[in-house]
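Predicted model, so just to flag it, every value in this text is computed and none were measured. We name chains A, B, ... by the order of the sequence lines, and we start the count at 1 in each one.
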Amino acid sequence: MAFLYKKEKIMNFIEDLKWRGALNQVTDEAGLLEAMDNGQIGAYVGTDPTADSLHLGHLIPFMVLKRFQNAGGKAVIIVGGVTGAIGDPRPTTERQLLSTGQLATNEVGISQQVTKLFGSDGTKIVNNNEWLGQLTLPEFLRDYGKLFSINVMLKKDVVASRLATGISYTEFTYQILQAIDFLQLWRRENVRLQIGGSDQWGNITAGVDLIHTIEGNGASAFGLTIPLMTDSTGKKFGKSEGNAIWLDPKKTSPYTFYQFWFNQSDADVVKYLKYFTFLSPEEIDDLAQEVAENPGNRLGQRRLAQEVTRFVHGQAAVEEAEQLSAALFSGDVSELTTEQIGDVFAGVPSFDIMNEPQNIVDFIVAAGIDKSKRQAREDVSNGAIHVNGIKITDLETMVDPRANYDGKYVLVRRGKKKYFLGKVQGTAL
RNA sequence: GGGAGUGUAGCGAAGUCUGGCUAAACGCGACGGACUGUAACUCCGUUCCUUCGGGUUCGUAGGUUCGAAUCCUACCGCUCCCA
């Protein structure tokens with residue numbers, strides 16, 4: 001069951017990850033493959049609910065978990081709970097604790113997204129509050145604390161780097177909690193593998209060690225980490241204009257999501273195709289050749305955008321994003337009908353606007369397109385602003401919302417490819 | 001508890017000794033423009049707000065001075081060393 005692509009290249013789970021550049025370290029490669037062959041086992045990824053939605057950074061371990069699932073394994077995901085309330089230490093500074101209300105909201109949002117990605121069949125989403133929440137301090141100290149050596153804990157990279165700047169006792173304890181999670185899932189859900197980013201290595205091995213200590217050295221428990229994702233210029237992957245790309249369509253529209261992938265550079269497409277799609281090595285090799293020979297066609301980028309958008313938002317969203325992209329990047333937007341605008345542009349950031357003429361600069365700021373008048377003036381002067389397809393360069397221009405699209409919409413473009421849809425409200429009092 | 005440092009725009013980092021020429025160097029990031037393939041590279045411009053007169057900034061609050069990021073006092077945060 002650990003084998004994929006039986007009709008084409010034969011690769012097992014690990015070989016496939018290696019080929020995709022998605023493998024950093026494994027605790028015991030041969031042991032893991034053997035365990036996978038001996039019957040279905042589970043693997044888990046933990047997520048702390050630091051926001052009400054997942055973003056692309058989270059998708060990285062989830063992609064590997066999904067491959068594990070596709071290879072016949074059982075996917076288990078921990079969404080926050082106690083570990084989320086504590087905070088995984090960052091290498092630099094102490095985290096700000098989230099309120100319990102915020103945590104609860106975040107957990108709900110993230111659980112829904114995870115369910116969408118993994119399906120409900122056989123996938124298990126758990127909250128570690130189930131076991132960590134019941135644990136009393138005396139039990140914690142007697143049953144677990146005794147098994148952890150401070151000397152070893154201090155050597156973990158994250159802790160070591162924090163010794164210079166300071167780390168609270170709370171965050172220091174995090175690795176123990178995560179180790180307990182692994183142990184509990186090992187017992188409850190037959191989880192034998194924990195998957196995480198390369199920064200999770202220390203936490204993961206803490207869990208493997210704990211299982212070996214309690215369940216015996218022969219106990220089958222493995223850890224696997226994924227390399228840090230960077231783009232070809234060495235920057236951390238997953239940001240657009242300095243903002244995170246969210247999986248929640250309300251926070252990042254499927255159109256924006258699609259465009260994020262579509263705009264990847266030639267140097268990165270193949271890497272991302274391997275990483276973020278479930279296309280076979282043959283298909284990816286073909287696309288790689290296409291990118292090398294006819295980069296201008298952007299076939300690789302297009303396929304990447306389609307595949308990832310489909311995985312996260314579904315086929316309908318792909319079609320909408322492509323329609324919208326076609327409308328925005330090919331023809332003249334002033335030719336579009338009111339209906340087309342309403343249908344197709346739903347995915348673009350929108351704002352409400354009063355039904356009365358307004359100076360262009362004030363209009364831009366009121367719409368939230370720029371954050372200050374200074375910036376708005378600069379953009380207008382630079383010829384960066386188009387209203388309903390017409391470039392505006394005069395700072396004194398008045399924008400009349402009634403002028404186009406039956407007075408219902410005002411379509412604004414800033415720069416080469418950022419669109420905003422103004423929805424005209426009633427007349428101002 | 002004692003001692004030594006440190007806190008500057010989104011980030012990093014000058015400027016502080018020798019107060020005015022500093023809305024504050026430089027780098028990164030970000031935004032816009034040119035080029036292009038909705039790419040990368042490169043180049044150019046912008047990057048506190050503004051009714052374009054000016055206004056408000058350099059941890060916080062006071063003080064000295066004609067004038068303070070720069071000097072003084074107190075307080076707050078962070079780091080290190082000693083106890």
Apply ring pair (Phe, Tyr, Trp, His ring centres under 6.0 Å) to A:Tyr409 and list each qualifying residue two or more places apart in sequence or on a separate chain.
none
Listed partners of A:Arg377 passing salt bridge (charged side-chain N to carboxylate O under 4.0 Å, His left out), at least two apart:
none
Applying ring pair (Phe, Tyr, Trp, His ring centres under 6.0 Å), can you list everything that pairs with A:His313, at least two apart in sequence or on another chain?
A:Phe257
Taking any heavy-atom pair under 4.0 Å as a contact, classify A:Gln259: base, sugar-phosphate, or nothing.
base
Please determine, for the side chain of A:Pro295, which listed nucleotide (B:C31, B:U46, B:G37) has the closest atom?
B:G37
Give A:Ala267 one of three labels, base, sugar-phosphate or nothing, depending on what nucleic acid heavy atoms sit under 4.0 Å from its own.
nothing
Restricting to ring pair (Phe, Tyr, Trp, His ring centres under 6.0 Å), what partner residues turn up for A:Tyr144, sequence neighbours left out?
none
Picking from B:A39, B:U38, B:C31, the nucleotide nearest the side-chain atoms of A:Phe329 would be B:U38
Give every pair of a protein N or O atom and an N or O atom of nucleotides 52-54 of chain B that lie under 3.5 Å apart, one pair per line with the distance.
{"unit_1": "B:C52", "atom_1": "N4", "unit_2": "A:Arg377", "atom_2": "NH1", "d": "2.5"}
{"unit_1": "B:C52", "atom_1": "N4", "unit_2": "A:Arg377", "atom_2": "NH2", "d": "3.0"}

Keeping to residues at least two apart or across chains, list the salt bridge (charged side-chain N to carboxylate O under 4.0 Å, His left out) pairs with something in residues 306-326 of chain A.
A:Arg302-A:Glu322, A:Arg303-A:Glu307, A:Glu307-A:Arg310
Give the nucleotide from the list B:A40, B:G45, B:G32 with an atom nearest to the side chain of A:Ser265.
B:A40
Check: protein-nucleotides 8-11 of chain B nitrogen or oxygen pairs below 3.5 Å:
none

If the condition is ring pair (Phe, Tyr, Trp, His ring centres under 6.0 Å), which residues does A:Tyr44 pass it with, not counting sequence neighbours?
A:Phe182
What nucleic acid atoms does A:Asn382 come within less than 4.0 Å of, heavy atoms only: base, sugar-phosphate, or nothing?
sugar-phosphate
Identify, with sequence neighbours excluded, every residue that meets salt bridge (charged side-chain N to carboxylate O under 4.0 Å, His left out) alongside A:Lys271.
A:Asp268
